[in-house]
Number of protein chains: 2
Amino acid sequence: MFTFAADNMTTEDKIKKTALTLFLEKGFERTSIREIARRAKINIALLNYYFRSKENLFNSIFSSLLGKYTPELNSILSSPLPLEEKIKLYVEEYIDILLKNPRLTYFVLSVLHRNPDKITKMKIFQSLYNTGNFSTQFYDEVRKGNIKDVDPTQFFINMLSLITFPFTIKQVIMEKNKMSEDTFKQFMHERKQVITEMLILTIKK
Amino acid sequence: MFTFAADNMTTEDKIKKTALTLFLEKGFERTSIREIARRAKINIALLNYYFRSKENLFNSIFSSLLGKYTPELNSILSSPLPLEEKIKLYVEEYIDILLKNPRLTYFVLSVLHRNPDKITKMKIFQSLYNTGNFSTQFYDEVRKGNIKDVDPTQFFINMLSLITFPFTIKQVIMEKNKMSEDTFKQFMHERKQVITEMLILTIKK
DNA sequence: TATCGTTTTAAACGTTTGTTTAAAATTATT
DNA sequence: AATAATTTTAAACAAACGTTTAAAACGATA
């Protein structure tokens with residue numbers, strides 16, 4: 001994966017790629033369109049030629065980014081797999097995504113907090129927190145007596161919290177435990193099993 | 001608790017109180033010193049008279065805020081209580097703090113992400129993620145064979161994640177589950193037991 | 001009452017911000 | 001080759017930002 005935009009890309013893609021890198025790194029407000037233009041080696045005015053505004057550019061990038069990862073996660077939750085298998089796959093896939101994109105969680109949170117009312121109603125955003133048929137399946141298993149009577153909402157939030165939160169305090173974890181980048185990655189890989197076992201333990205009778 | 005600064009406060013406290021409200025609500029960059037001054041009904045220049053800069057004002061507020069809540073949490077972790085009791089108390093106290101201050105977690109994250117290198121080395125910040133004698137105690141219990149062989153670091157991160165993360169996506173939880181403010185509070189109160197039981201289940205032999 | 005240090009004020013400072021303009025350069029179409 | 005449409009450019013726009021200035025108002029001290 002390239003950090004900077006290559007010269008043979010279209011201008012529009014150069015802008016999007018460079019802007020994404022900067023938005024992830026420094027957030028929306030601390031990233032100026034002048035810095036985007038400089039790093040992408042294009043004129044400032046082109047930013048408003050292709051995208052109408054900075055806000056528009058951001059929304060475009062945000063949608064692309066979510067659209068890239070949510071379908072895979074949603075398809076796991078909506079699949080006809082047994083519950084335990086589903087949980088295992090979801091945890092592994094989600095952590096793999098975040099290992100490739102450690103800043104993603106905080107990025108989404110920053111978007112959410114900048115404009116909560118608008119964002120929570122965005123389709124592309126809702127799909128990120130869409131449980132698919134997960135809750136229904138969960139209730140069914142409870143009714144059948146296969147698993148403990150646990151609130152699916154609490155369970156899903158547990159799962160999300162355990163997977164995503166560590167990435168938002170990555171620097172703290174690394175600093176406190178004197179971890180290198182590689183050690184952190186290994187820690188998160190180990191975490192897949194920790195989380196899966198923990199979650200299944202809470203529902204197993 | 002007052003949302004706005006009262007007239008009988010000192011100028012310095014009026015600034016700090018108003019600024020805190022705005023920083024929590026809109027973040028550092030989206031809060032202008034002009035808005036702070038307007039809402040606190042003071043002159044802009046007073047901001048630089050009492051605090052030397054906006055950054056300085058922010059640091060002052062941030063330290064006060066952490067200093068208000070971390071001692072209580074640290075004293076629980078450092079107490080001579082048995083492990084299970086400690087976990088229960090910590091979860092309850094932390095959630096109670098965040099119920100009174102729902103924006104606190106995201107606020108801390110935003111500070112961390114704005115200046116990770118500087119912040120992770122701040123004493124007041126480290127104390128927030130200080131485990132006290134918790135890890136030592138944890139290892140002791142493992143060695144004695146009283147609890148399962150679980151990595152204390154993973155465990156502590158589990159605990160932190162389960163407690164704090166839901167507050168960072170409060171709006172999403174409320175929107176998705178059609179919760180009112182009160183329902184959310186109730187949900188988080190119920191969560192105290194959910195988390196405690198979950199954590200203890202993972203270490204109980 | 002005069003003098004002192006402290007607090008508050010209005011006004012301006014220089015930068016930076018996102019955005020727009022209008023002309024130039026390039027590419028595509030006929 | 002001439003024209004039209006698209007893309008890129010340099011320059012400027014107005015607004016907002018954090019910060020500073022220097023004088024006025026205030027309260028305490030002598």
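All chains are named by letter (A, B, ...) in the order of the sequence lines, taking the proteins before the strands, and each is independently numbered beginning at 1. If you're wondering where the values come from, they're calculated on a predicted model, not measured in any experiment.
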Q: Starting at atom OH of B:Tyr49, determine the distance to atom P of C:dT9, rounded to an integer number of angstrom.
A: 12 Å

Q) In terms of the angle between their ring planes, are B:Phe167 and B:Phe184 parallel, tilted or perpendicular, with boundaries placed at 30° and 60°? A) perpendicular

Q. NA contact type, A:Phe51, heavy-atom cut-off 4.0 Å: base, sugar-phosphate, or nothing?
A. nothing

Q: Answer yes or no on whether A:Lys54 is positioned over the face of A:Phe28, meaning its NZ or CZ is under 6.0 Å from the six-membered ring centre and within 45° of the axis.
A: yes

Strictly under 3.5 Å: I want the nitrogen or oxygen pairs between protein and nucleotides 19-22 of chain D, one per line.
{"unit_1": "D:dT19", "atom_1": "OP2", "unit_2": "B:Lys54", "atom_2": "N", "d": "2.8"}

Q.
What is the distance, to the nearest angstrom, from the CD1 atom on A:Ile42 to the P atom on D:dA10?
A. 12 Å

Q.
I want to check one thing: is the phosphate of C:dT7, taken as OP1 and OP2, less than 4.0 Å away from some side-chain N or O of B:Thr11?
A. no

Q | Between A:Thr18 and A:Thr21, a side-chain donor and acceptor under 3.5 Å | A | no

Q.
Please report the distance, rounded to the nearest Å, between CD1 in B:Ile36 and P in D:dA16.
A. 17 Å

**Q.** Length of the CG-C1' vector between A:Leu46 and D:dT7, whole Å
**A.** 7 Å

Q) Quick one: A:Lys41 NZ to D:dT9 P, roughly how many Å, whole number? A) 13 Å

Q.
When you compare the side chain of B:Glu181 with that of B:Lys170, does any pair of heavy atoms fall below 4.5 Å?
A. yes

Q) Has A:Arg114 got its NZ or CZ under 6.0 Å from the middle of the six-membered ring of A:Phe58, at an angle within 45 degrees of the ring axis? A) yes

Q. Rounded to whole angstrom units, what separation is found between the CZ atom of A:Phe58 and the P atom of C:dT17?
A. 17 Å

**Q.** Interatomic distance where CG belongs to B:Leu47 and C1' belongs to C:dA10 [whole Å]
**A.** 16 Å

Q. When the distance from CZ of A:Arg38 to C1' of D:dT8 is rounded to whole Å, what number comes out?
A. 19 Å

(Q) Quick check for you: to the nearest 0.5 Å, what is the distance between A:Thr120 atom OG1 and A:Lys118 atom NZ? (A) 11.0 Å

